[in-house]
Amino acid sequence: MNNQRHSVWFVLLSILVLVLFFADILIGSVSISLNEIIQVFTGQLPTDTPQSIIILQSRLPKALTAILAGCALPVAGLLMQTFFRNPVAGPDILGVSAGSSLLVALVMLTVGTWFSMDVFSNVGIILAAIVGAMLVLFIILGVAARVRDSVTLLIFGLMFGMAISAVVGVLQYYSSQGALKLFIMWTFGSLSGVTWSQLYILAVIVIIGLLLAVTQIKALNLLLLGEQYATSLGLNIRKSKIFIILTTGLLTGAITAFCGPIAFIGIAVPHLARMIFKVNSHAIILPASVLLGICILLICDIIAQTPGNDGVLPINAITAFMGAPFIIYIIWKNQHLKRVF
Amino acid sequence: MEAKTLLAINGLSVGYPDKVILKDMLLHIPAKSIVAVLGLNGKGKSTFIRTLAGLQPALQGNILFNERPLSSYTAIERAQLFSIVLPGRGDVVQGLLVHELFHTTRVTFTNGFGKITDDDIQLINRICTSLHIEHLLHKRIYQLSDGEAQLVFIARALIQDTPIIFMDEPTSYLDVVNKAEIFNLIQSLPQQNKTVVFTSHELELALQIADYCLLIGNEGKHVFGTTKTIIEQGYIPDFFNSKNVQFDRITGRISLKNA
């Protein structure tokens, strides 16, 4: 009975992903008909027509970026929630995105100004973001070993994030105008700034991260039983912790590097998946989070470009607008957060 | 002696690097027996059982399962040799469904992504039927009463399907009816080829079902023997020394001295 319901949802969500993907390509400031889109994809329109350029150079990479971010952030959030046994854990909440920002700022505002930005723009930023994410994860892990209370850990993460932001602020104050402008653009968070060459790197890292996450499904399920039961069932806790941190760092870092810090998707989507599928098993919740995450980011991206039809709203504003009330609802409904975790 | 020794503990010290709690422990536990670990609060019952279960390192001495040292077993071999029942609900995520708890317990023995087999499902069903907990399968951990939760976690240990089960306070928080149910269940386990080592505060009930007793007293004082010897040699009043209660050697009952 449960399995049937799950299958129906998986099929529905897969269809929804496809529909939203085409809708995202269809909608934009320049109106392009579905017919023209099909012509572009089938190669019937030459690649130098305005329609082709808009679709192939702007809308398609943006939609693909939304899909990659929609996969990566919820999986990172899910891993962190299980790992820290904390229902409100997420890359943006516990300061992991902030850690990425700090290292990206260091690279962009200092090292990047010594060399040509081209050398550092892709590989340098992505490495900085991943290392930054993992550094914060290790620090929070160290704190989590000493404070078992999830609210304390949460407050620590928030404070830590703020402290990092302050350091970033100081860095900005002392940096040159050119470098600063690049960095500020980056912090706005955007799906549209990603070029094809960056998209390839992003796709490879996200796919590696997702595959790593899939190998951890068994360990994640065991971690839901608590460390003592998990140990007694033969789980090597230390090894799986390192794997989970590596995976979360890769996924958060890669997305943060190219899209900036995107809020709320990582924390909210796993909860939505648990609400719909009504189970905890990562074999269900992980793929469900991926599909739901893609749908939600595509929807956010569609909303971001509809009003006024000209400019594009920052994606962070949309995700926060949808995500914050949802998280408030989750907390309201489970006044004892222990009921979720 | 009688049966073959399943679990041999020689010169074991347990505790923490800066504080030895029990030392020079010598216990030989034959297969299919029930061992009660009894003592007042904070004397090291849990520390002892956690050390046996490999959840914390032994300070000294060795623990042999089937004449092989605990340290020589791999993590998965240990999981096939003994299971644990932690006090209360342990650290299990409260929103977890009971059937997920059982599935995850079986999944540990599968390869790859952890698809469980029909045999696993049959084992789960059989144990749920024998413990009468089928109706709890779709409940979440926080929805269980204390008595139900205790049954569920003992069922979990049985589903792990190990010859040895360690239970730390399996009857804490339970009323007298539920306590009796759990003790009856423990008593029936040797028939299923299980050896049970459990800690308890229920002196009277524990003495009724245990084949062996380990008494733990003040300053690391401890004694191990068959329940019969422990009672007849007068160890109980020695270890549970109090001006308020008295222990009747013949009936095994405890009563208030002034009553």
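Note on naming: letters A, B, ... go to the chains in the order of the sequence lines (proteins, then strands), and numbering restarts at 1 for each one.
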Surrounding CD of B/E134 (heavy atoms of other residues, nucleotides or ligands, distance under 6.0 Å), is the total greater than 12? yes
Chain A contact via B/L55 - side chain, backbone, both or neither, heavy atoms under 4.5 Å: side chain
Heavy-atom proximity to chain A below 4.5 Å, by part of B/F153: side chain
With rounding to the nearest 0.5 Å, note down the distance linking OG1 in B/T74 to CG in A/N236. 11.5 Å
Inter-residue atom distance B/T104.OG1 - A/N221.CG, 0.5 Å rounding: 4.5 Å
Could you tell me whether B/Y173 atom OH has more than 12 heavy atoms of other residues or ligands within 6.0 Å of it? no
Counting only heavy atoms not in A/F321, do more than 12 sit closer than 6.0 Å to its CZ atom? no
How far apart are the closest heavy atoms of B/L101 and A/L225, and which atoms are they? CD1-CG, 3.7 Å
Please check if the side chain of B/D91 supplies one atom and the backbone of A/E227 the other of a donor-acceptor pair under 3.5 Å. no
Top contributor to chain A contacts, counting heavy-atom pairs under 4.5 Å, from B/R156, B/H138, B/Q160, B/E100: B/E100
What are the two closest non-hydrogen atoms of B/R140 and A/V279, and how far apart are they? NH2-N, 4.5 Å
Looking only at heavy atoms, which two atoms of B/L86 and A/Y229 are closest? And how far apart? N-OH, 2.9 Å
Chain A: which of B/H103, B/Q80, B/H99, B/R50 shares the most heavy-atom pairs with it under 4.5 Å? B/R50
If you take all heavy atoms of B/L97 and A/K278, which pair is closest and at what distance? CD1-O, 3.5 Å
When you look at CZ of A/F156, are more than 12 heavy atoms from neighbouring residues, nucleotides or ligands closer to it than 6.0 Å? yes
Ignoring hydrogens and angles, tell me if any N or O in the side chain of A/S232 forms a donor-acceptor pair with the backbone of B/I84 under 3.5 Å. no
Interface moiety of B/T105 toward chain A, non-hydrogen atoms closer than 4.5 Å: both
